[in-house]
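Worksheet: one structure, shown below.
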Number of protein chains: 2
Amino acid sequence: MTADMTTDMIADPSGTRSPGEVLSWSRATLEPALRGAVDTLPGSLRHLVGYHFGWWDERGGPTGSAAGSGKAIRPALVFLASRAVGGDPLAAMPAAVAVELVHNFSLVHDDVMDGDHTRRHRRTVWSVFGVGPAILAGDALVTLAMDVLDGHPATSVLAAAVQDLLSGQSADLEFEDRNDVVLPECVRMAQQKTGALLGCSCAIGASFAGAEPVRVEHLRGFGEQLGLAFQVVDDLLGIWGDPAVTGKPVFSDLENRKKSLPVVAALTSGTPAGELLAERYATADEDLPGLAALIDEAGGRAWAHQQADALVEAALCDLRLADPAPGPAAELTGIADLVTHRDS
Amino acid sequence: MTADMTTDMIADPSGTRSPGEVLSWSRATLEPALRGAVDTLPGSLRHLVGYHFGWWDERGGPTGSAAGSGKAIRPALVFLASRAVGGDPLAAMPAAVAVELVHNFSLVHDDVMDGDHTRRHRRTVWSVFGVGPAILAGDALVTLAMDVLDGHPATSVLAAAVQDLLSGQSADLEFEDRNDVVLPECVRMAQQKTGALLGCSCAIGASFAGAEPVRVEHLRGFGEQLGLAFQVVDDLLGIWGDPAVTGKPVFSDLENRKKSLPVVAALTSGTPAGELLAERYATADEDLPGLAALIDEAGGRAWAHQQADALVEAALCDLRLADPAPGPAAELTGIADLVTHRDS
């Protein structure tokens, strides 16, 4: 399969595509519908949202690149889940648009809450336009997400995923002020913050294709566990990721004193390195490489890698139980592999 | 009609109730359903939202008072619009809950954006729990609002009203940094910020009752113009309102240098007082009573009172064109009168 095949030609391929091909196809398939939805927003909000998606610069001029628009993993899961149960992926378009809008809503508000200046190698919305406009842009995105489903019964499934996501973000914020965070609550937070929306993406993709509930639930299980693995890997990248790949400053999560999964695993490891980390994490210590080394020494890094692998294995087990068509199953497996090897 | 009649007895009264009775009934009728909806939120978000509604204190204990829960004018409009076209007001309950959730979503985020510390005589959510939790609480409220409509076609009507509201808030923020705001754009901002949701309340109340489109649109027109009148009065109260009534500090809008309607009317009046006001409004001048006196002298206060009266007259014209049942029509007229005489 070559990159210059048209979107239509690869919309229903006979063979199995690589994860990169699937994501490119998903992005290309999604973009007109996503832009169409964003175009319905009032002018000032459309401007902010289009800036966030990387479609135009801060003055509204074209950027000439899609570098800022993200990987669109969630829409890919919607399309593939729909195909996995025998549906036409394009019939699930509203669901694909909705999950991508929700994801980007959460990014815009997250950046405000975390005070992050950089996202996808560009300045964040709040850092360009201010906190108020960024809050409104996020509000517009989540409202639009609920609206594009146009009364489909999956609206309540999406709403539940949004509430889980918010609950996870709320726990994430709360953890910053606490020194007694334990691993199970940290895992729960990650399940809500990331697992819920990836699970929802698979579930509503299958729902739009009219799949029976048991298959929908197994695909949701696949997505939820994949989402948790994704968050574990994201947490690893937040410490050891290459800024050229992540689009964020090096050690950014350590600077913000995030209680991310590898950090909490290290803090609660009972090792001398974990105890030293706990002491230094509670202070304004700016030796970020030193903190990263302690997390590694306390076993936080190894634990996270092991968890990610185990979660993907469990996700693939749920995928098999959903009895998917072979082509989409292979492609979902490819996506799962990609998600957990973003640092390679 | 006495205050100790039960909610059921006054749910379908034979006579016309006073605006105060209508609002009390509306609040009492709404509250169980509103609490039921909020109870579906994840714990941490439910806590923040319940604090905002005045149901419990910052630690989650009961407040023993409903002082903080607001007047619930929007749900009253939903119920009355439904009755005006011959519907059962209780059948429109999801719409009443939804508009109240949207309104409170906008208040929680507005307080963050404006940095306001006080709302309904209590500390604002962000000032008690922090900016991040307040953003999440608002996000949860707007998502819940879209969800409670449960796929009803009115969902898109509500979404459009939310986008208008956000667009109005965006213009409101933008105006703070501009010295060339003219009256028409300021009116447009107020139409979006307040008129859209009051119009939507009337429209979806009538829609839930199955009214034909022309009656829905006239009721929307009634609500939109009433909403604009409401905003004009709110702007007057933001300058000359009694803090004991408004629940906000005296002159708070002047301290924030809001480009509210009476302010812009004064700034663009072409009078010497208007020019002096323009000079002083652009500085950190802290003589707030002096600024208020200049707005009055430049005719901003008189203009706003006159506008409010004219808008209510136009709203009542649309109400008549909706061919409402006499009882609800009289009660909607009473609400219109109340809205524009909150300072008396």
Side-chain angles (χ1 to χ4, degrees), chain A residues 40-48 102 105-106 108-110 112-115 129-174 176-177 189 192 196, chain B residues 40-48 102 105-106 108-110 112-115 129-174 176-177 189 192 196:
Chain A
T40 67
L41 292 177
S44 58
L45 301 167
R46 180 177 166 275
H47 176 65
L48 298 165
V102 166
F105 141 72
S106 76
V108 171
H109 278 188
D110 247 8
V112 172
M113 295 186 282
D114 294 342
F129 300 99
V131 165
I135 292 175
L136 295 173
D139 294 344
L141 280 163
V142 73
T143 302
L144 185 60
M146 297 290 286
D147 192 25
V148 294
L149 291 182
D150 200 21
H152 190 282
T155 309
S156 64
V157 177
L158 184 70
V162 174
Q163 300 294 4
D164 276 344
L165 192 161
L166 297 172
S167 180
Q169 287 176 314
S170 173
D172 202 6
L173 289 179
E174 191 207 322
E176 286 177 39
D177 300 326
M189 178 270 282
Q192 293 183 316
Chain B
T40 68
L41 294 177
S44 57
L45 300 169
R46 181 178 165 275
H47 175 65
L48 297 165
V102 166
F105 140 73
S106 77
V108 171
H109 278 188
D110 248 7
V112 171
M113 294 187 282
D114 293 343
F129 300 98
V131 166
I135 292 175
L136 295 173
D139 294 345
L141 280 164
V142 72
T143 303
L144 186 59
M146 297 289 286
D147 193 24
V148 293
L149 291 182
D150 199 21
H152 190 280
T155 308
S156 64
V157 177
L158 184 70
V162 174
Q163 300 294 5
D164 276 344
L165 192 162
L166 297 171
S167 181
Q169 288 176 315
S170 173
D172 202 7
L173 289 178
E174 190 206 324
E176 287 176 37
D177 301 326
M189 178 270 281
Q192 293 184 316

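Numbers restart at 1 for each chain; the letters A, B, ... are given by sequence-line order, proteins then strands.
Here the shortest heavy-atom pairing between B:Ser170 and A:Leu45 reads CB-CD2, 4.5 Å. Considering every non-hydrogen atom in both A:Asp147 and B:Met146, the closest pair reads N-CE, 4.0 Å.
Looking at A:Pro153, neither its backbone nor its side chain comes within 4.5 Å of chain B, counting heavy atoms on both sides. B:Val148 does not touch chain A: none of its heavy atoms, backbone or side chain, sits under 4.5 Å away. Both the backbone and the side chain of A:Leu136 come within less than 4.5 Å of a heavy atom of chain B. With a 4.5 angstrom heavy-atom cutoff, B:Leu144 touches chain A via backbone and side-chain atoms both.
Going from atom OG1 of A:Thr40 over to atom CD of B:Gln163 covers 6.5 Å, rounded to the nearest 0.5 Å. One finds the CG atom of A:Leu166 at 11.0 Å from the CD1 atom of B:Ile135 (value rounded to the nearest 0.5 Å). A:Leu173 contributes atom CG, which lies 13.5 Å from atom CZ of B:Phe129 (distance to the nearest 0.5 angstrom).
Ranked by heavy-atom pairs shorter than 4.5 Å toward chain A, the options B:Ala160, B:Ala154, B:Ser167 are led by B:Ser167. Of the listed residues (B:Ala171, B:Ala140, B:Ser44), the greatest number of heavy-atom pairs within a distance under 4.5 Å of chain A belongs to B:Ala140.
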Run the side chain to side chain contact (heavy atoms under 4.5 Å, CB included) check on B:Leu149 and A:Thr155 step by step: do they pass?
CA-CA 10 Å; B:Leu149 291 182; A:Thr155 309; over 6 Å; no
